[in-house]
Each structure stands twice: as structure tokens, then as C-alpha cells.
Visitor: 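Structure in C-alpha cells, see below.
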Amino acid sequence: AAAPRGPDRLMYFVSFILKNLTRRPIRTALTVLGLSVAVGSMIALLGISHNVEATVAEGFERRGVDIVVMQGGVADQLSSELDEKLVERVAKIEGVDPHGVDVALIQLVEIQSSKGGDSKNVITIGWPASNFGFDDLEVRTGRRVNAGDVRKVMIGSTVATNLKKGVGDTIWLQTEPFEVIGTFESFSVFENGAVVMLLHESQELNPLRKGSITGFSLRVKKSLERPDADVDAVRQRILDLKDEKTGKAIRHSAQTTKEYVKNASHVQILKAMSWMVSVIAIVIGVISMLDTMIMSVLERTQEIGILRAVG
């Protein structure tokens, strides 16, 4: 018989491939499933890392934050430590909204639902009573903490669910009892899993943290014509601050919210992990596909040889 030529040869080659796939339907289906899982995992993981980054950026944008100040050269905000007095100096800088400075002391502490019970770790956020961050907390039950409260805390919805605690209950932070006076819901997942208290009480939980904060965010008085330039000018004035006693540079960083989100260690770690797992998933999917192709060829070596011999 004459060998097929031109278009007929191409159609014969395509039908040969399709028949080869249908000869082992289970193996073909498993290969397709493996590739689908690999691609799906990659899309899902990269989507999660993107959503985390977008959520952090949205939080700053929603609160109107322009600049984030923390200790320079630290890996994350939990490791940051700044003198609380720096906030007063920054609030007086030209261009800074004096009512738009959000001070925070963020710590990882031990929490117990009952005295002497099992300990877990929880994030505590210490804010002055005047912080504008309170405005974004939706109080579900009870009330917010106010100036003058002693040993009072608010707990996020996630903490309230996990500990099964509500208004009037007592929790122990670093073995010290605190009364829950309110539960809240925040647009930030991070805050929903945290305990909010007054700044000075948060500092008292750790003797090494007295008079210090982990950082603060601030709003800038921007003009309509050049908002980015105004933010950058204030950022540079903050970086130019010197130690009042020694005149030396202060170890601090002032980043725009975009820079902070881009350089945040937890976001970078999540991105790296997502890419690493995605690459591994794709490699496994490719190996699975190559295995199917190689087995198909090895099983039909003689048949392919005869077919090639006759054209």
C-alpha cells in the first residue's frame, strides 16, 4: 500500500496519537488528573499569596495610611523596637497629620483561657486610647477599651471563637488576669486573631518593652497636585531625624505603604513558599506526563517500527 502523503499523513499521525491515548484510558485519565492538580495547585497558591499582599495593602489604604515607620534592619515588625518619644517628634514634622499617627506595640505572648490551664501563643496589639485604628473595629459585643481602663482587653472574633470567651470572661496573658470587655470584627484577618489592649498595659506585659513600641503608621497632609511628592518629602524628613542626645542617626526606617507591603517578611516568605510548592507540583506533573509517553512508546516499539518501515 502506498504511504500517505501531505495532509493525509498529518491526519494519520494525529489519529495515531489519539488512538495511543485511548488504548490506556485509565492511565491517560490519571496523567490528565495529575497535570490538572499541578496546574490548579500553582494557581491556587499564587492566588493566596497575591490575596494576602492585597489584603495588607487594602488595610493601609482603607485607613488612609501613607508611611510606616519601624526599626531599620529588622526582619519583621515583631522584632522592631523604637523609643516611644520618637512619635512626638514625628507628629511635629511639617506635613504630618498630628491626629493621624497610629502607634502600636505588637507582641507574641502566652494566653490561657483558665488560670493554670494550657498555654497558647497569641498576638497582642497595644494602642493608645486615641488611636484611629479603633475606628475600624466593629464592636460585636460589649465596648472598646478606653483611657483609664485597667486590665481590660478586647478580643478578635477568631480568638473569641477559639477560646470560647465573651464579655465578662477572664483570660490570662503572661499569667496576668485580664477582663474581656468587648469582642470585635475587623476587615484585617490579622487583627481578628489578636487581643487589643491599651499601650501602657501591653508594655507592662514585657519589662523589656517599657517605653518602647514596635512601630507606627501615619497620614500625610497631601496636596491634590503632587500627593506622591508630599509623601516622599515627609518620609525624607523622618529619615533625617537624629538622636537628640548624641546627634547620631536613629536606626529607623520610613517606608511608603507600597514599599512596606512589598518588603514585608511574612509576605515575602509566603510568596517564596508558594512558588517553591508550585514548581514542585509542576515538576511532578511533567514527570507523570513523560512517564506516560515513555511507557506508550516502549509498549509499542515493534508496532511503531513496522509502521515507520512502511512509511
Visitor: Would Gln71 and Ser80 count as a side-chain hydrogen bond (donor to acceptor under 3.5 Å, both in side chains) here? Give the steps.
Guide: CA-CA 5 Å; Gln71 183 181 347; Ser80 175; 4.6 Å; no
Visitor: Rounded to the nearest 0.5 Å, what's the gap from CE on Met197 to CD on Glu204? Could you check?
Guide: 9.5 Å
Visitor: Are Leu82 and Phe216 close enough, and set up right, to give a side chain to side chain contact (heavy atoms under 4.5 Å, CB included), and what steps lead you there?
Guide: CA-CA 9 Å; Leu82 291 174; Phe216 57 95; 4.2 Å; yes
Visitor: Using 0.5 Å steps for rounding, measure from the CD atom of Glu191 to the CG atom of Leu137.
Guide: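 The CD atom of Glu191 sits 5.5 Å away from the CG atom of Leu137.
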Visitor: Please go through Leu208's hydrophobic cluster and name the other residues, only I, L, V, M, F, W, Y counting, with side-chain heavy atoms under 4.5 Å joining them.
Guide: none
Visitor: Among the clusters formed by ILVMFWY side chains lying less than 4.5 Å apart, do Leu199 and Val109 turn up in the same one?
Guide: no
Visitor: Could you pull out all residues at least two apart from Phe134 that satisfy ring-ring contact (aromatic ring centres under 6.0 Å, His included)?
Guide: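 Here the qualifying residues are Trp127.
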Visitor: Sequence neighbours left out, what pairs pass side-chain hydrogen bond (donor to acceptor under 3.5 Å, both in side chains) with at least one residue falling in residues 172-183?
Guide: Thr141-Thr183, Arg151-Glu176, Lys152-Glu179
Visitor: Ignoring hydrogens and geometry, is there a side-chain-to-backbone donor-acceptor pair from Asp83 to Leu86 under 3.5 Å?
Guide: no
Visitor: Hey, does the side chain of Asp149 reach the backbone of Asn146 with a donor-acceptor pair shorter than 3.5 angstrom?
Guide: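 Between the backbone of Asn146 and the side chain of Asp149 there is a qualifying donor-acceptor contact (under 3.5 Å).
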Visitor: Under 4.5 Å between side-chain heavy atoms, counting indirect links through other Ile/Leu/Val/Met/Phe/Trp/Tyr residues: same cluster for Val101 and Val234 or not?
Guide: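 Per the 4.5 Å side-chain linkage, Val101 and Val234 are co-clustered.
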Visitor: If only atom types and distance count, is the side chain of Asp243 paired as donor or acceptor with the main-chain N or O of Ile250 below 3.5 Å?
Guide: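 Such a contact is absent between Asp243 side chain and Ile250 backbone.
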Visitor: Give me each pair satisfying side-chain hydrogen bond (donor to acceptor under 3.5 Å, both in side chains) with a member in residues 213-222, each pair once, sequence neighbours excluded.
Guide: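 For residues 213-222, and leaving out neighbouring residues, the side-chain hydrogen bond (donor to acceptor under 3.5 Å, both in side chains) pairs sorted by first residue read Asp66-Lys222.
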Visitor: Mind checking what makes side chain to side chain contact (heavy atoms under 4.5 Å, CB included) contact with Leu108, not counting sequence neighbours?
Guide: Asn121, Ile123
Visitor: Could you state whether Val220 and Val87 fall into the same hydrophobic cluster, counting links through intermediate Ile, Leu, Val, Met, Phe, Trp or Tyr residues with side-chain heavy atoms under 4.5 angstrom apart?
Guide: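 Both belong to a single hydrophobic cluster.
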Visitor: Under the side chain to side chain contact (heavy atoms under 4.5 Å, CB included) test, which residues partner Asp136, sequence neighbours left out?
Guide: Arg63, Phe187
Visitor: For Ser212, give me all partners under side chain to side chain contact (heavy atoms under 4.5 Å, CB included), at least two apart in sequence or on another chain.
Guide: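 So Ser212 forms a side chain to side chain contact (heavy atoms under 4.5 Å, CB included) with Glu81, Arg209.
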Visitor: Looking only at side-chain N and O atoms, does Asp230 offer a donor or acceptor that is under 3.5 Å from a partner on Ser223?
Guide: yes
Visitor: Return all side-chain donor-acceptor pairs below 3.5 angstrom for residues 89-98, not counting sequence neighbours, or 'none' if the list is empty.
Guide:
residue	atom	partner	partner atom	Å
Arg89	NH1	Lys242	O	2.8
Arg89	NH2	Lys242	O	2.9
Asp97	OD1	His99	N	3.0

Visitor: Let me confirm one number: the CG-CD distance from Leu173 to Gln107, rounded to the nearest 0.5 Å.
Guide: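 Reported to 0.5 Å precision, the distance equals 10.0 Å.
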Visitor: Report the residues that fulfil salt bridge (Lys or Arg N to Asp or Glu O under 4.0 Å) with Asp232, sequence neighbours left out, ordered by chain and then residue number.
Guide: Arg235
Visitor: Looking at every heavy atom in both Ala147 and Ala129, which two are closest together, and how far apart are they?
Guide: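 For Ala147 versus Ala129, the nearest heavy atoms are N-CB, 3.5 Å.
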Visitor: Say you draw a straight line from CZ of Phe190 to CD1 of Ile125; how long is it, rounded to the nearest 0.5 Å?
Guide: 4.5 Å
Visitor: Excluding sequence neighbours, so at least two apart, what forms salt bridge (Lys or Arg N to Asp or Glu O under 4.0 Å) with Arg251?
Guide: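 So Arg251 forms no salt bridge (Lys or Arg N to Asp or Glu O under 4.0 Å) with any residue.
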Visitor: Set out, in order, the CA-CA distance, both residues' side-chain angles and the distance that settles side chain to side chain contact (heavy atoms under 4.5 Å, CB included) for Glu201 and Val150, then state yes or no.
Guide: CA-CA 8 Å; Glu201 293 204 316; Val150 179; 4.0 Å; yes
Visitor: Could you walk me through whether Ile238 and Leu218 pass the side chain to side chain contact (heavy atoms under 4.5 Å, CB included) check?
Guide: CA-CA 11 Å; Ile238 295 173; Leu218 54 93; 3.8 Å; yes
Visitor: Can you hop from Val103 to Met70 via hydrophobic side chains spaced under 4.5 Å?
Guide: no
Visitor: Are Ile181 and Val139 co-members of a hydrophobic cluster defined by side-chain heavy atoms under 4.5 Å apart?
Guide: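 Same cluster: Val139 reaches Ile181 through Ile, Leu, Val, Met, Phe, Trp or Tyr contacts under 4.5 Å.
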Visitor: Give, for atom CD of Gln255 and atom CD1 of Ile67, the distance between the pair rounded to the nearest 0.5 Å.
Guide: 10.5 Å
Visitor: Using salt bridge (Lys or Arg N to Asp or Glu O under 4.0 Å) as the criterion, list what pairs up with Arg237, not counting sequence neighbours.
Guide: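 Once residues adjacent in sequence are excluded, Arg237 has no partner under the salt bridge (Lys or Arg N to Asp or Glu O under 4.0 Å) criterion.
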Visitor: Apply the test side chain to side chain contact (heavy atoms under 4.5 Å, CB included) to residues Thr124 and Ile106: give CA-CA distance (whole Å), side-chain angles for both, the deciding distance (0.1 Å), then the verdict.
Guide: CA-CA 6 Å; Thr124 60; Ile106 302 175; over 6 Å; no
Visitor: At their closest point, which heavy atom of Leu198 faces which heavy atom of Gly148, and how far apart are they?
Guide: CD1-N, 4.4 Å
Visitor: Could you list the donor-acceptor pairs under 3.5 angstrom formed by side chains in residues 156-170, with sequence neighbours left out?
Guide:
residue	atom	partner	partner atom	Å
Ser157	OG	Glu185	OE1	3.0
Thr161	OG1	Ser157	O	3.0
Asn162	ND2	Thr158	O	3.3
Lys165	NZ	Ser113	O	2.8
Lys165	NZ	Thr170	O	3.4
Asp169	OD2	Gly166	N	2.7

